[in-house]
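Let me begin by presenting the structure, written as structure tokens, before commenting on it.
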Amino acid sequence: MLSLQHISKYYQTGGNKTFVLNDLSLDIDQGEFVSIMGPSGSGKSTLLNIIGMLDEPTSGYHYFMDQPVHQLKEKQRSALYKQYIGFVFQAYHLIDELTVLENIETPLIYQNIKGAERKALVADMLDRFNIVGKKDLFPAQLSGGQQQLVGIARALIGKPKLLLADEPTGNLNSKQGEEIMELFKKINKEDGVTIIQVTHSEKNAEYGSRIINLLDGRIESTTTL
Amino acid sequence: MFTKNLLITWRGLWRNKTYAVINLIGLSAGITACLLVAAIVLDELSYDKQWTKANRIYRAISVNNRINGSDRFPQVFTGLGPSLKKDFPEVEDYCRMSVYGDRLKIGNNSDGVAVQTLSAESSVWNFLDFQITEGNPKKFVPGYANLVITEKIKQQYFRGQNPVGKIYYNMPEYGDPQPYLVTGVIKALPVNTHLRADVILIASYRPKDDLLAKEEYGTFSTQYLMLKPGTDTKNFSKKINAWYAKVTAPNKPGYSFQLQPFEDVYLRSDFAGVQSVQGSMRNLYIFIAVAALLLLIACFNFMTLTTSRVFSRMHETGVRKVLGASKPQLMSRYLTESLVFFSMAFVLAGLLSKLFMPYLETYIGHQLVFNLYGFGFVWLAVIAVLGMSLLTGLYPAWYLSRPEPMVILRSQATTGFKLNWLKKSLVVGQFVISIGIIIATLVVHYQLSYLDKADVGFDKNNLIKLSFNNWGKNAEVFKQQLEALPGVETVSIASWYPGAGAGYMSTEINVPGQSGKIQANYIRGDADLPAVLKVKLTNGRLFDRNLRTDVVDFDSVMRSDEKRADELMHSRPVIVTDYTVRLLNLKLNNRVANVEGIPVGVISNFHNESLHFGMKPCIIRAEKLTEGYILIRLKNNHPGNSLTSINTLFKATYPEKPFLYEWINDVVNAQYQNEAKLKQLFFSFSMLIVFLACLGLFGLITFTAQQRVKEIGIRKVLGASVANVAALLSADFVKLVLLAMLIATPLAGYIMSRWLQDFAFRINLSWWMFGLAGAITMFIAVITVSTKAIKAATANPVKSLRSE
């Protein structure tokens with residue numbers, strides 16, 4: 001599904017190159033649940049952003065769904081990730097002005113899906129996440145766990161093949177975190193959605209099928225569970 | 001999509017009430033001012049366009065070529081129209097008509113009713129369109145002047161009566177009452193015509209008035225010519241001037257004639273004093289400029305305020321981009337927002353302008369014809385709103401949809417946003433305008449107060465003028481009785497009063513050592529006039545009513561012995577001004593042919609004309625007068641009581657005449673009415689403009705404070721005081737305002753010195769006016785900025801430094 005080959009990302013500072021990612025190669029298959037771990041500054045988030053096409057590597061080859069991403073134009077890339085990728089953030093990043101229902105609906109609008117179909121899809125999603133009763137509330141009226149639930153629902157509404165999560169439980173207490181992880185596992189198993197998450201928590205990492213440890217922009221070790 | 005955007009915008013408004021309110025106030029203030037000005041401008045431009053034949057009617061203008069730098073005035077020899085009609089097939093018709101103030105003996109008031117009268121000959125029916133509702137006024141009834149009244153006059157003064165066919169008299173200030181035969185009633189004349197009037201008086205001219213004198217003398221009157229369709233006006237005026245040269249041959253004509261399009265008469269006539277209803281293109285331009293500036297500032301504000309919210313918007317934009325929004329989709333979301341703001345502001349402005357319309361009409365002095373709330377205008381408004389919100393909203397929309405999604409994904413997102421050159425120039429632009437208009441207001445204010453306090457050479461206070469009258473045999477007695485009244489100091493009968501133009505007559509005289517002639521003005525009164533005016537004697541003597549030479553009755557001498565009158569005329573004592581003495585090289589008690597008289601006294605310069613005009617030679621003559629104005633100098637105390645006793649005495653002596661008086665102070669000040677109105681306009685607009693500019697500044701400081709919130713936090717942790725931080729934040733803006741001052745000063749200085757050129761007597765622009773304007777602006781700006789800056793500086797650094 002996804003192949004990164006010799007990916008480097010560096011910043012030129014004076015005469016020195018500061019590497020964030022250094023000649024990193026990685027393959028991920030459909031249906032995997034990968035956890036990326038590593039200390040601060042090891043390049044976890046940058047890696048995730050490159051996979052999500054929100055950031056570009058300085059050099060290297062990037063294939064996604066058999067397409068050479070490094071050769072695609074901005075527009076094509078955007079079409080690709082709109083179709084296949086969903087994002088979940090540590091800070092949820094819901095839009096404050098929109099209700100729960102509207103937040104979940106937004107990606108569908110940008111995929112030009114008709115109103116009636118949108119309604120049906122959103123209703124299904126609300127039902128599935130047990131948040132029908134909260135559909136008209138604004139993000140500020142929800143707890144952190146509930147907000148993240150909405151964030152995940154929003155990420156899944158477009159039926160992505162790949163879910164990218166950047167410390168999805170970082171702002172939650174341990175009980176809420178556990179629930180989210182269980183949900184991830186379920187999504188991975190039942191819907192076959194590939195998940196890549198960045199996490200600091202050993203415990204949460206173990207929900208995945210593979211743990212990749214990063215250090216100084218390189219893969220230090222890989223553990224298959 | 002659009003309805004969704006609308007909904008989100010609406011929620012956003014409620015969520016950020018301060019922002020929404022500031023933005024709405026700013027925009028609707030700007031648009032209101034524009035609507036009001038639009039009402040004025042469209043009204044001014046509508047003058048005299050409504051007459052069906054307007055495009056074929058011209059007013060004849062005389063050019064006096066005998067004076068240096070020829071003199072134009074909108075009257076021609078009475079015989080010109082008839083002669084032209086006779087000799088030129090291009091002339092379809094002519095009409096001698098003008099508007100003047102008359103007084104009719106109708107209604108209950110013993111002083112009658114003042115009416116604006118359009119005095120015209122019968123051809124007026126052919127020239128202008130009137131709707132006749134009663135009578136057959138087009139048929140002229142000989143023997144009387146025919147009076148055609150409007151329905152309004154009929155309703156007001158002839159309720160339940162039929163005035164048609166009856167005779168009413170007028171109450172002239174001077175002369176005997178004239179009988180008018182009412183021949184009809186018409187619907188009101190339009191307000192937007194330079195011939196605005198309450199009644200039409202149709203009179204016939206004597207046949208001898210229709211002739212043109214070869215020697216170029218005769219009466220002048222305002223005349224209109226109607227040309228046949230398709231006449232080339234330019235060629236035609238050349239033709240008539242060539243023709244007129246033949247009339248005066250073998251002498252070269254002293255006058256030539258021009259044709260002024262009827263529709264131009266209202267706005268494009270810069271002739272003094274003859275036209276009661278007059279606008280000016282220059283004022284129109286000032287109005288348009290001010291409105292455009294206001295709208296510009298309002299739009300600037302909208303842009304700065306909207307873009308200043310980029311921080312709260314950055315998150316939304318980023319999230320939407322991650323969710324797959326394209327740039328056009330994001331821009332349409334922000335464009336919807338500006339559309340909503342502009343629409344709301346426009347509706348608000350519509351209401352506000354309706355509220356202010358009566359004040360505006362008071363300011364203008366007449367009702368506005370143009371309807372702002374008609375169907376056509378609503379369409380125009382819709383187009384304007386769409387256009388403005390698109391133009392103004394495009395930049396903020398582009399700016400706000402710029403942030404890359406990466407920004408929100410990085411937790412410690414430092415900002416790449418700076419106060420860019422565009423915003424800086426917007427701020428500078430606004431403050432250039434603000435400072436400029438404050439300078440203009442100050443200059444107008446000081447010039448006006450200079451005019452008010454200027455030494456005009458006479459005392460304009462406590463001086464009243466009774467209207468021109470033939471005081472008859474009782475003149476002398478009446479004068480003495482007036483002088484005997486307790487509140488009265490001195491009295492004079494004169495054929496001129498301050499504010500009534502340069503003098504009662506003028507001649508063109510030679511100046512020693514100069515080629516060409518210059519205009520000298522004569523002022524005439526009885527021997528007491530100089531004393532009543534309180535002119536300042538510098539040499540010789542004033543007139544003395546006990547000297548025989550000073551109280552000659554020229555009228556009666558003239559009737560008995562013309563030759564003797566001529567001799568007396570040239571040896572009469574006159575008083576001249578310092579300026580006249582120096583210019584004409586006069587010697588006291590030496591007879592000078594140039595001035596017709598022997599200077600017996602020299603007074604310090606005095607301004608018989610308004611201070612717009614430069615000094616001209618001025619010669620005061622004294623003679624015994626029985627007709628003229630009466631000038632009364634009152635004692636300082638209780639002028640009100642004196643007026644009552646003067647009125648009583650007047651009514652006892654002249655029961656048939658209306659008691660009409662004016663304060664000379666008011667008359668003199670009325671000469672500067674345009675400037676006073678300008679001051680009023682500038683004052684209110686400068687307040688508005690400064691207010692709007694501060695709104696924009698407020699938006700920007702909010703933006704900067706947000707942008708630097710982390711920096712402020714760090715500085716505070718490191719020990720910076722509130723004052724340090726506030727100063728840090730304000731410094732940039734103070735610099736911008738200083739820059740604006742640098743730009744505004746020469747600009748405003750240039751424009752205002754041009755404006756001051758209108759006055760022969762004027763203040764000097766000095767540095768402190770610019771300094772004061774700058775200081776006022778700076779003060780307001782600093783207050784605006786520091787409220788926000790102090791708030792930002794007092795915020796708890798722990799909050800701003802905490803990462804998500």
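Each chain gets a letter, A, B and so on, in the order the sequences are listed, and its residues count up from 1. We use all heavy atoms of the structure for the numbers below, so side chains are in, but hydrogens, waters and symmetry mates are not.
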For residues 56-69 of chain A, run the donor-acceptor check on the side chains, cut-off 3.5 Å, and write out each pair with its distance to 0.1 Å, sequence neighbours left out.
from	atom 1	to	atom 2	distance (Å)
A:Glu56	OE2	A:Arg77	NH2	3.2
A:Thr58	OG1	A:Tyr10	N	3.0

Quiz: residues 136-145 of chain A side-chain donor-acceptor pairs under 3.5 angstrom, not counting sequence neighbours:
from	atom 1	to	atom 2	distance (Å)
A:Gln141	OE1	A:Phe138	N	2.6
A:Ser143	OG	A:Gln146	N	3.3
A:Ser143	OG	A:Gln146	OE1	3.3

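Note on B:Lys327 versus A:Glu74: no salt bridge recorded, every NZ/NE/NH1/NH2 to OD/OE distance being 4.0 Å or above. Salt bridge status for B:Arg11 with A:Glu102: present, with a side-chain N to carboxylate O gap under 4.0 Å.
Neither the backbone nor the side chain of A:Gln83 has a heavy atom closer than 4.5 Å to any heavy atom of chain B. With a 4.5 Å cut-off on non-hydrogen atoms, B:Lys4 touches chain A through its side chain but not through its backbone. Heavy-atom distances place both the backbone and the side chain of A:Leu98 under 4.5 Å from chain B. Residue A:Ser78: no heavy atom, backbone or side chain, is found under 4.5 Å from chain B.
The heavy-atom pair separating A:Tyr81 from B:Val322 by the smallest distance is CE1-O, 3.3 Å. For the pair A:Lys82 and B:Leu323, the tightest heavy-atom approach, listed with the atom from each and the gap, is CG-O, 4.5 Å.
In this structure A:Lys175 satisfies the salt bridge (Lys or Arg N to Asp or Glu O under 4.0 Å) test together with A:Glu179, sequence neighbours excluded.
Residue A:Asn173 places its CG atom among more than 12 non-hydrogen atoms of other residues, nucleotides or ligands, all under 6.0 Å distant. Counting heavy atoms of neighbouring residues, nucleotides and ligands inside a 6.0 Å radius, atom CD of A:Glu202 does not exceed 12 of them.
Taking CD1 of A:Ile95 as the reference point, atom CZ of B:Arg320 lies at 4.0 Å (rounded to 0.5 Å). Between the CD1 atom of B:Ile8 and the CG atom of A:Asp96 there is a distance of 12.0 Å, given to the nearest 0.5 Å.
Within residues 107-126 of chain A, the residues having any heavy atom closer than 4.5 Å to a heavy atom of chain B are A:Pro107, A:Ile109, A:Tyr110, A:Asn112, A:Arg118, listed by residue number.
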